[in-house]
*Asks:* 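I'd like to ask some things about the structure below.
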Protein chains: 2
Amino acid sequence: MAGNVKLSVAGPGGAAVADKRIACQDCTLFQLCLPLGIGEDELALLDEVITARRSLKRGEMLFRGGAPFHAIYAVRSGSLKTYTIMQDGREQVTGFYLPGELVALDAISLGRHPSSAKALESSSICEFSFQDFERMGARVPGLQRQMLRVMSRELLNDELLLLLLGKKSAEERLAAFLLSLAIRFRQRGFSATDYNLSMSRSDIGNYLGLAVETVSRLFTRFQQDGLLRVERRRIRIHDIDRLSLLAGDTALSGSQRIDSAEVPQSER
Amino acid sequence: MAGNVKLSVAGPGGAAVADKRIACQDCTLFQLCLPLGIGEDELALLDEVITARRSLKRGEMLFRGGAPFHAIYAVRSGSLKTYTIMQDGREQVTGFYLPGELVALDAISLGRHPSSAKALESSSICEFSFQDFERMGARVPGLQRQMLRVMSRELLNDELLLLLLGKKSAEERLAAFLLSLAIRFRQRGFSATDYNLSMSRSDIGNYLGLAVETVSRLFTRFQQDGLLRVERRRIRIHDIDRLSLLAGDTALSGSQRIDSAEVPQSER
DNA sequence: CGATCGTTTGATAGCGCTCAACCGTCGTGG
DNA sequence: CCACGACGGTTGAGCGCTATCAAACGATCG
């Protein structure tokens, strides 16, 4: 993409970095946020919708469940988890978000956030005003089109996850989870076989519907079987094929399921 | 509902009916398909997108997994199930669809249907050309807006279902499922406490991640506990409050979670 | 250096699956 | 009209997977 980052101005007061804006074209992750089907000029327009850029430190909240919904967020760097608090007080992790993925899509219909979002590590986030976004959608057909696609993709992922939780064993779940991360990392240009988990065992277990102890045991078992090497939160996958096999076939979760093969994109 | 249903055509019966079109305004369920925010004139426009009306008999397919995606479907009467075939041959039920609910939203991103859809009983279906729909979306902002909301809602439901499958016991799952049906039926003007299941025990178990036997046992237990009466596929709920309690709190699934209380709808 | 949190490992028990048999209902054909 | 078979549903017995309880360990941080 373009060479230099064109910073345009400061917004409302806040921490120094937080309110800097950068042009969308310069966002290397942009193609992942709302890929394809948007022309040069439309891209420039999209810039207008970016309300703010926020920096979060590990453990900081992006938004809280129940809060009114105004914006959609795109992860630029770092990672988030979303979760809800059940009425019995327990926490239920509903998703993990990597760079290039959109957060808060599930808040549109109710007009408030059904879940909370918290940074798993230092992260940088783009904030889109949804109102502006919709207004612009009227002028730029490609934008809303793309949005529908992104949401549909999300739906698809949820379905896969549903299948995972409904039908798969603990082993299959964890394998599918690790595989999902691998695929998502690869799509972002990172290594698919060597990455760091930004979430705790507890988060993983919670997300996959497993006890922490089970997750831990599975990690050691996978390691004993020579599938991978795990050291603290560092994952080194040795035999990704066997891992895929273990996962059943479901790539699962997050935000994409498609590998290199072909770019989705309906008929056009 | 409205006084007379202006039948533009013959009843069930044969193939004859399949390609007849009726005006959208006459669809009592229309408000449920794409509720709110659409004016009179826009409504008329929407009529154009309705490609066809199809009648399915029990067991007939609406579309098959893998087939290219061209249309979105709205259930007018009857009910459907969607499911995928896992590579080991087993079937995984991914959803049940009642009148007023939209099917195939998950196909948009890939351009082909990730799952198959089959009629659980005699059903009548509206078919929207997605291509036309998108074209029209450019002219009618409210349309795409509404579509985003519907999809967001769907996302929300999937999240609830995830929570269900990840964290809830068999008992809670079935309770939540029955409750979900109750709520959805009520929204459609049917009785919430007295309805027929159009799906088999096997479908229910498959959907909820439970063995058929477990579902069966739970039904009899619920009945012994005075929660409800079940006779074949007829469900009579006696103590819906206790059922809610059992369900944990999750209304779950299908297509709506909101009860009478208030109509969702973002800020506006 | 002690406290706390995240992780691992072990022992035990229970929920829900599996296997198996039986029953009721329905559709079909003699 | 009844026999039959098929299918869906119910019920029972046993076991395996995974949660739970318990404890110790390692890392991080004040």
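Reminder, nothing fancy here: chain letters follow the sequence lines and each chain counts from 1.
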*Asks:* Lys167(A) has an atom NZ; how far is it from atom P of dT18(C), in whole Å?
*Replies:* 10 Å
*Asks:* Find the distance Glu213(B):CD to dA13(D):C1' and express it as a whole number of Å.
*Replies:*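 It works out to 12 Å between those atoms.
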*Asks:* Quick one: does Arg221(B) reach the base of dT10(D) with a side-chain donor-acceptor pair under 3.5 Å?
*Replies:* no
*Asks:* Let me know the distance between CD of Glu172(A) and C1' of dC17(D), rounded to the nearest Å.
*Replies:*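 From Glu172(A) CD to dC17(D) C1': 12 Å.
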*Asks:* Check this one for me: any side-chain N or O of Ser202(B) less than 4.0 Å away from OP1 or OP2 of dG8(D)?
*Replies:* no
*Asks:* Of the nucleotides dA13(D), dT20(D), dG16(C), which one has an atom closest to the side chain of Thr214(B)?
*Replies:*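 My answer, after comparing the listed nucleotides, is dG16(C).
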*Asks:* Calculate the interatomic distance between Leu208(B) atom CG and dC15(C) atom P; express it in whole Å.
*Replies:* 19 Å
*Asks:* When you check the phosphate oxygens OP1 and OP2 of dG9(D), does a side-chain N or O of Arg233(B) lie under 4.0 Å from one of them?
*Replies:*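 Checking Arg233(B) against dG9(D): at least one side-chain N or O falls below 4.0 Å of OP1 or OP2.
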*Asks:* Taking 4.0 angstrom as the limit, do Glu101(A) and Arg153(A) come out as a salt bridge?
*Replies:*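 The answer is no: the pair does not qualify as a salt bridge.
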*Asks:* Is there a side-chain contact between Leu181(B) and Phe96(B) (heavy atoms, below 4.5 Å)?
*Replies:*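 No, too far: nothing below the 4.5 Å cut-off.
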*Asks:* Is the phosphate of dT10(D), meaning OP1 or OP2, less than 4.0 Å from a side-chain N or O of Arg201(B)?
*Replies:*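 Yes, Arg201(B) has a side-chain N/O under 4.0 Å of OP1/OP2 on dT10(D).
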*Asks:* Looking at Arg64(A), I want to see if its CZ is surrounded by more than 12 non-hydrogen atoms of other residues, nucleotides or ligands under 6.0 Å.
*Replies:* no
*Asks:* Which nucleotide wins on minimum distance to the side chain of Ala170(B), given the candidates dG16(C), dC26(C), dT28(D)?
*Replies:*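 Looking only at heavy atoms from C-beta outward on Ala170(B), the closest nucleotide is dG16(C).
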*Asks:* Is it the case that more than 12 heavy atoms not belonging to Arg234(B) sit under 6.0 Å from its CZ atom?
*Replies:* yes
*Asks:* Using five base pairs at each end to define the local axes, how bent is the helix from dC1(C)-dG30(D) to dG30(C)-dC1(D), to the nearest 10°?
*Replies:*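 Inter-axis angle at the ends, rounded: 30°.
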*Asks:* Decide if atom CZ of Arg233(B) counts as having more than 12 heavy atoms of other residues, nucleotides or ligands within a radius under 6.0 Å.
*Replies:* yes
*Asks:* Let's see if you can work this out: which of dT10(D), dT28(D), dA19(D) has an atom nearest to the side-chain heavy atoms of Thr220(B)?
*Replies:* dT10(D)
*Asks:* Between C1' on dT18(D) and CZ on Arg173(A), what's the gap in Å once rounded to a whole number?
*Replies:*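 It works out to 10 Å between those atoms.
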*Asks:* Could you walk me through whether Ile125(A) and Leu80(A) satisfy the side chain to side chain contact (heavy atoms under 4.5 Å, CB included) test, starting with their C-alpha distance in whole Å, then the side-chain angles of each, then the deciding distance to 0.1 Å, before giving a yes or no?
*Replies:* CA-CA 10 Å; Ile125(A) 311 288; Leu80(A) 304 180; 4.0 Å; yes
*Asks:* Compare side-chain N and O positions of Ser169(B) against OP1 and OP2 of dC15(C) and report whether any pair is under 4.0 Å apart.
*Replies:* no
*Asks:* OP1 or OP2 of dT7(C) sitting under 4.0 Å from any side-chain N/O of Ser216(A)?
*Replies:*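 Negative; the distance criterion is not met.
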*Asks:* Hey, is the side chain of Arg58(A) pairing donor to acceptor with the base of dT28(D) inside 3.5 Å?
*Replies:*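 Not at all, since no donor on one side and acceptor on the other fall under 3.5 Å apart.
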*Asks:* Rounding to a whole Å, what distance do you find between Asn206(A):CG and dG6(C):C1'?
*Replies:* 15 Å
*Asks:* Using a 4.0 Å heavy-atom cut-off, does Gly209(B) contact any base of the nucleic acid, only the sugar-phosphate backbone, or nothing at all?
*Replies:*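 If one applies the 4.0 Å heavy-atom cut-off, Gly209(B) turns out to touch the sugar-phosphate alone, with no base involved.
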*Asks:* When the aromatic ring centroids of Phe63(A) and Tyr73(A) are compared, is their separation below 6.0 Å?
*Replies:* yes
*Asks:* Test side chain to side chain contact (heavy atoms under 4.5 Å, CB included) on Phe219(B) and Ile235(B); report intermediate values, then the result.
*Replies:* CA-CA 10 Å; Phe219(B) 269 129; Ile235(B) 302 289; 3.7 Å; yes
*Asks:* Just the rounded figure in Å: distance from C1' of dC17(D) to CD of Glu171(A).
*Replies:* 11 Å
*Asks:* Starting at the 5' end of DNA chain D and moving along, which residue's nearest nucleotide shows up first, Arg232(A) or Ala211(A)?
*Replies:* Ala211(A)
*Asks:* Output the rounded distance in Å from CG (Leu174(B)) to C1' (dC17(C)).
*Replies:*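 Taking atom C1' of dC17(C) as the reference, CG of Leu174(B) is at 16 Å.
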